[in-house]
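Structure, as structure tokens:
Lettering of chains follows the sequences in order, A, B, ..., and the numbering in each one begins at 1. What you see below is based on every heavy atom in this structure, not just the backbone, and it leaves out hydrogens, waters and symmetry mates.
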Protein chains: 2
Amino acid sequence: MATIKDVAKRAGVSVATVSRVINNSSRVTPETREAVTKAQDELNYHPSISAKIALRQDSDIIGMMIADHSDPYFGQMVKVVDQLATKEGMSLIVNAGYRDADRERQCIDELIQKRCRIIIAHSMNLRDDILIRYMANQKSMILINRNLRGFPDRCVYLDDEGGAYLAVKHLIQNGHTKIAYIRSSHQVDDAEQRFRGYVRALEEAGITFNPALVVSEEPTPQGGEQGAETLLGLSQHFTAIACYNDMQAAGAMAILSDNDIRIPENVSIIGFDNTAISRYLHPRLTTIMNPVSAMAISAFSIGLAIVKGEDASVHSRVFTPTLIKRFSVRDLRSF
Amino acid sequence: MATIKDVAKRAGVSVATVSRVINNSSRVTPETREAVTKAQDELNYHPSISAKIALRQDSDIIGMMIADHSDPYFGQMVKVVDQLATKEGMSLIVNAGYRDADRERQCIDELIQKRCRIIIAHSMNLRDDILIRYMANQKSMILINRNLRGFPDRCVYLDDEGGAYLAVKHLIQNGHTKIAYIRSSHQVDDAEQRFRGYVRALEEAGITFNPALVVSEEPTPQGGEQGAETLLGLSQHFTAIACYNDMQAAGAMAILSDNDIRIPENVSIIGFDNTAISRYLHPRLTTIMNPVSAMAISAFSIGLAIVKGEDASVHSRVFTPTLIKRFSVRDLRSF
DNA sequence: GTGAAAGCGCTAACAA
DNA sequence: TTGTTAGCGCTTTCAC
């Protein structure tokens, strides 16, 4: 691999001049510039970013930690940050922790080792004390989907409890009282919050909570299939299923449909997240809007403001979910 | 940010010893190791990867270029490579070019500048001559979804033409002759190949190709919606629609359904790629299996073999699509 | 406008 | 087992 020295030699100039041409850092005569560019091209020279970072001690890299590369929810989040980063002339590195605490630590350590200027982390399994330590040391680290005590201005999150409450309240307002819930089997904050929203909506409506109508499954279509099968086997009567997320809803709908149970005529379904898939299920899924893009923009903006020494408090930190009405919930009161 | 010197000073040893502890590179007495680890921890020291790369000239980073972070197709590809990389103790960087030639070049340049040991690129818009130049200079660069002349052993791709042929032949075998096609509006190889497969299947069956039944749309659900609307407005009779991919199929199905056209009773649909979504559409989508994971594994294995100086020719390079029969195609012959 | 040289954080060869 | 030191590719200051 050609180095700056090779280019300098070939162009008959010093390395300093080559550096200046590469970085447009100060005036260089057109002839010199031409000669350098030519040499660069002939040698297929690509400056080493590492050498630059080693020397300069800062990097223009923004690092993200997400749970899973193959999950479109995170895909959207990454895309938004990627486009903002590009606009700022920064580059992006994304690590996925796959919901494993050790792997998550590794991912964040790697981002630090690569000297990312901003770190945006969506941690699923890291304990508070570990995150607190990272946050304390990385002044431009932002957390998505977590409200960590001590760092109110660097935590961007959704009101998950309120979202689930909204979903279940919508079912109740449509006359449902026997409402099953497929929760996430992961031990994460949002799973707990969403479940709590379900319980609160029931309680507020004076409906007694029936633990037999709650199943715990992976937050995937397969989990939804499994959950629906379990619920059907229970021979407990229910008229609606609220799900942890849209993926589970998709799986549950497939199983219901396989069993000739019509949606929403026989059973109503409500999802969460408003993932792309929800618009293409049949019937189109009523769900809760999770403003991922807006949260990603906010997280990025806060990080950027910190790095630039600007005021970060102008950006939103807690986001409110809203109901997206489609066709998977039946109004029982009109019958 | 603490440096290796700070740690050395605090632990009362030399930087070389700290380096040895970090890299487990040679024997160190337990007491020394302990002292170093303690100092590291107290100072929150994270070694700079950049300094290491600058010095060692190689990196254990594997770089990928994909089209779009938010597309689950690429998400799956990235996940597979990520897990293989982790197993090899390597880290992963992914850049997305969003189907723009300039951005794609930037992405690849960035991967080179970061001194990735292996580069896996899925280029949509780069011209052959540009790719040839990159491939010639980057000996461990692998191309996915492209058969670049001159580099047969570093190109991993799907027989797209054969896949579309398979799809349309399946429709024909089920008695369809008026077959519409929604193609991708992108000027990329696979779009052209798949379209060719459609035409060949028709020709082989003696069905005259009707250009009025072909519409060109974005490879997204929105594109599929648009395409279906156009086709319906044409008042040209058709009994089946073959799509460039599953996303388009999902969108088309939603539009058909909105217009009370039943699938497959009134119109059959076939997709391409066997994306996760295809199993959760209603009815479940008959489609063509695109073995992304297998291709990603192959690309990675070839790259690794090159880097290790092993024989790369044992890994598959061209992949054959297969038909996944589900419930979106009706057999017209039984009526 | 250009060059010489110092130095970033780190590893590895060599010495002790 | 540990320390000293050269040097990786690059940027930047200071001369000229």
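- dT12(D) atom P lies 13 Å from atom CG of Asn24(A), rounded to whole Å.
- Arg103(B) and Thr86(A) share a side-chain donor-acceptor pair at under 3.5 Å.
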At a cut-off of 3.5 Å, list every protein nitrogen or oxygen paired with a nitrogen or oxygen from nucleotides 13-16 of chain D, distance to 0.1 Å.
none

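- Using a cut-off of 4.0 Å between Lys/Arg side-chain N and Asp/Glu carboxylate O, Asp190(A) and Arg146(A) are scored as not salt-bridged.
- Under 4.0 angstrom from either OP1 or OP2 of dT2(D) there lies at least one side-chain N or O belonging to Thr29(B).
- The residue Ser19(A) sits close to a base: some heavy atom pair falls under 4.0 Å.
- In this structure, Lys9(A) places its NZ atom 14 Å from P of dC10(D), rounding to the nearest Å.
- Between the side chains of Tyr73(A) and Asn290(A), at least one donor N or O lies within less than 3.5 Å of an accepting N or O.
- Between the side chain of Asn125(B) and the backbone N or O of Arg99(B) there is at least one donor-acceptor pair closer than 3.5 Å.
- Put simply, CD1 on Ile4(B) is 12 Å from P on dG3(D), counting in whole angstrom units.
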Verdict with supporting geometry, Ser298(B) and Ser301(B), side-chain hydrogen bond (donor to acceptor under 3.5 Å, both in side chains): CA-CA 5 Å; Ser298(B) 216; Ser301(B) 308; 5.9 Å; no
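- The separation between Asp58(A) atom CG and dT11(D) atom C1' is 12 Å, rounded to whole Å.
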side-chain hydrogen bond (donor to acceptor under 3.5 Å, both in side chains) between Asp82(A) and Tyr98(B), worked out: CA-CA 11 Å; Asp82(A) 189 21; Tyr98(B) 300 108; 3.1 Å; yes
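- Residues His69(A) and Phe74(A) place their aromatic rings such that the two centres sit no closer than 6.0 Å.
- Contact record, Lys114(B) with Ser91(A): NZ-OG, 3.1 Å, taken as the closest heavy-atom pair.
- Residue Thr17(B) places at least one side-chain N or O closer than 4.0 Å to OP1 or OP2 of dG3(D).
- Comparing Ile22(A) and Lys5(A) by the nucleotide of DNA chain D that holds the closest heavy atom to each, the one mapping nearer the 5' end is Lys5(A).
- Side-chain contact check for Ser50(B) and Lys52(A): no donor-acceptor pair (N or O, by modelled atom type) lies under 3.5 Å.
- Between Val18(A) and Val28(B), the one whose closest nucleotide on DNA chain D sits nearer the 5' end is Val28(B).
- Using a 4.0 Å cut-off between a side-chain N of Lys or Arg and a carboxylate O of Asp or Glu, Arg149(A) and Asp128(A) do not qualify as a salt bridge.
- Lys52(A) places its NZ atom 11 Å from the P atom of dC10(D), with the value rounded to the nearest Å.
- Atom CG in Leu55(A) sits about 8 Å away from atom C1' in dT12(D), given to the nearest Å.
- Contacts between chain A and DNA chain C, taken as any atom within less than 4.0 angstrom of a protein heavy atom, begin and end at dG1(C) to dG9(C).
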Evaluation steps, side-chain hydrogen bond (donor to acceptor under 3.5 Å, both in side chains), between Ser70(A) and Gln76(B): CA-CA 5 Å; Ser70(A) 70; Gln76(B) 197 187 339; over 6 Å; no
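- Residue order along DNA chain C, read from the 5' end via each residue's closest nucleotide, puts Ser26(A) first among Val15(A) and Ser26(A).
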Pair Ser184(B)-Glu218(B), side-chain hydrogen bond (donor to acceptor under 3.5 Å, both in side chains): steps then yes or no: CA-CA 6 Å; Ser184(B) 166; Glu218(B) 289 285 310; over 6 Å; no
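- Residue Thr32(A) is classed as a sugar-phosphate contact, given heavy-atom separations below 4.0 Å to backbone atoms only.
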Pair assignment for DNA chain C - dot-bracket with | for other-strand partners, Watson-Crick or G-U under 3.5 Å: ||||||||||||||||
